[in-house]
Every structure is written in C-alpha cells, then in structure tokens.
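The next block holds one structure in the form of structure tokens; read it before the comments.
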Amino acid sequence: MKEVQPGEALDDLIKPYTIVTSSDGRQSDAMTTVWASQVSFDPPMVMISVGKKRKTHELIENSGEFVVNTLKESQKKVADYCGHASLKSQDKLKEQDIQVQKASKVMAPLLKDSPSSLECKVFSRQDCGDHTVFIGEVVAAHKEEGTPVGLFKNDLVTPGK
C-alpha cells in the first residue's frame, strides 16, 4: 500500500447521512452530519461529532439532549440546506418548512419523513479539537417508511444498490 494524506483514506469510509435536531425549549436547530455512529447495544448509545461553533453544539450543551434522524434520498435538499445555513441568523426549520413532530422523551423535534429517529440524552462528551463528540443514550426510537442513505466520496449511496 502507498502512504497518502489522512483525508484521502478517510474519504473511503461510508458515512451515515443524518440530520441532528436539538432544542433548549426556546429554539430548535437542525444540522446535517455524517459523523454519527452506534457505540453500544446495551444500553443503546450513539455518538455524534459537532463543531464547537455550531448552534447545535450550544443547544446540546444547554439541554443535554438531541435526536439523530436518518435521511432518505428525497431529503437531500433539506440536508444540503441544514449543512450550510447557520441558525445564528435564521430559523432553518421554519425557513425551509421542514416538517417536524414532537418527540416523546426529549425537547428536540423529530423530522417527520425520516426513515428512523433516535431520541438521545447525553451520556458523556469528549473534547476533540474543534469538535465535541457527544455520546447519547437512546431513550426512544421511531421508524417510518423509507430506506436511509449514506455518503461515500460525497455521493449518496443506498444499501443494497
């Protein structure tokens, strides 16, 4: 094998395509991330990595909660928007008329059309350079019709295709 820059090899990882929603009870945010993964079966836990300058980071720090929403191919436009806009100047959920529903155990909303949503309470956090890794215990889970997609070298991929 030849040695390459880390970013070149990291691009070979297939990543989940998700939107993390968060709320502190006064405002909510939605942030696209591919840095999400399951870390435990018992109890069920997931991790997300969130940039420290993101509004989502502030809301998770304040509330201790978040929701990981998987995405289907038809949600790419919403994901692109949530990945580039900042709540510091706009309300992404209202501006894009993103359909949400009330979660059962946390304040952050669920995305209505997501194939699955995981309501999480922060179990721990780890400082990682310009990001914080939040590990959340899944306190409720929801499923809807649709196949979640992933991201491979900036292209959407669907399992089984």
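Throughout, residue positions are numbered sequentially from 1 according to the sequence presented. Atoms considered below: every heavy atom in the structure, side chains included; atoms not considered: hydrogens, waters and symmetry mates.
- As a member of the Ile/Leu/Val/Met/Phe/Trp/Tyr network built from side-chain separations under 4.5 Å, Met1 groups with nothing else and remains a singleton.
- Residues that satisfy the ring-ring contact (aromatic ring centres under 6.0 Å, His included) test with Phe66, not counting sequence neighbours, are absent from this structure.
- Residue pairs that meet the ring-ring contact (aromatic ring centres under 6.0 Å, His included) test with at least one member in residues 138-161, sequence neighbours left out, do not exist here.
- Within the structure, every pair that satisfies the salt bridge (charged side-chain N to carboxylate O under 4.0 Å, His left out) test and touches residues 139-155, not counting sequence neighbours, is listed here: Asp12-Lys153.
- Lys52 meets the salt bridge (Lys or Arg N to Asp or Glu O under 4.0 Å) test with Asp127; sequence neighbours excluded.
- Remark: Thr132 engages His57 in a side chain to side chain donor-acceptor pair (under 3.5 Å) (not counting sequence neighbours).
- Scored by the side-chain contact (heavy atoms from CB on, under 4.5 Å) test, Asp113 finds Lys72, Gln75 as partners (sequence neighbours excluded).
- Take Thr70 and apply the side chain to side chain donor-acceptor pair (under 3.5 Å) test, not counting sequence neighbours, and it matches Ser116.
- Partners of Glu73 according to the side-chain contact (heavy atoms from CB on, under 4.5 Å) rule, which considers only residues two or more places apart in sequence or in another chain, are Val149, Leu156, Thr158.
- With sequence neighbours left out, Val139 forms a side-chain contact (heavy atoms from CB on, under 4.5 Å) with Lys105, Val106, Glu119, Lys121.
- With sequence neighbours left out, the side-chain contact (heavy atoms from CB on, under 4.5 Å) criterion links Ser63 to Glu65, Met107.
- Taking Ile, Leu, Val, Met, Phe, Trp and Tyr as members and joining any whose side-chain heavy atoms lie under 4.5 Å apart, directly or through other members, Val4 forms no hydrophobic cluster with any other residue.
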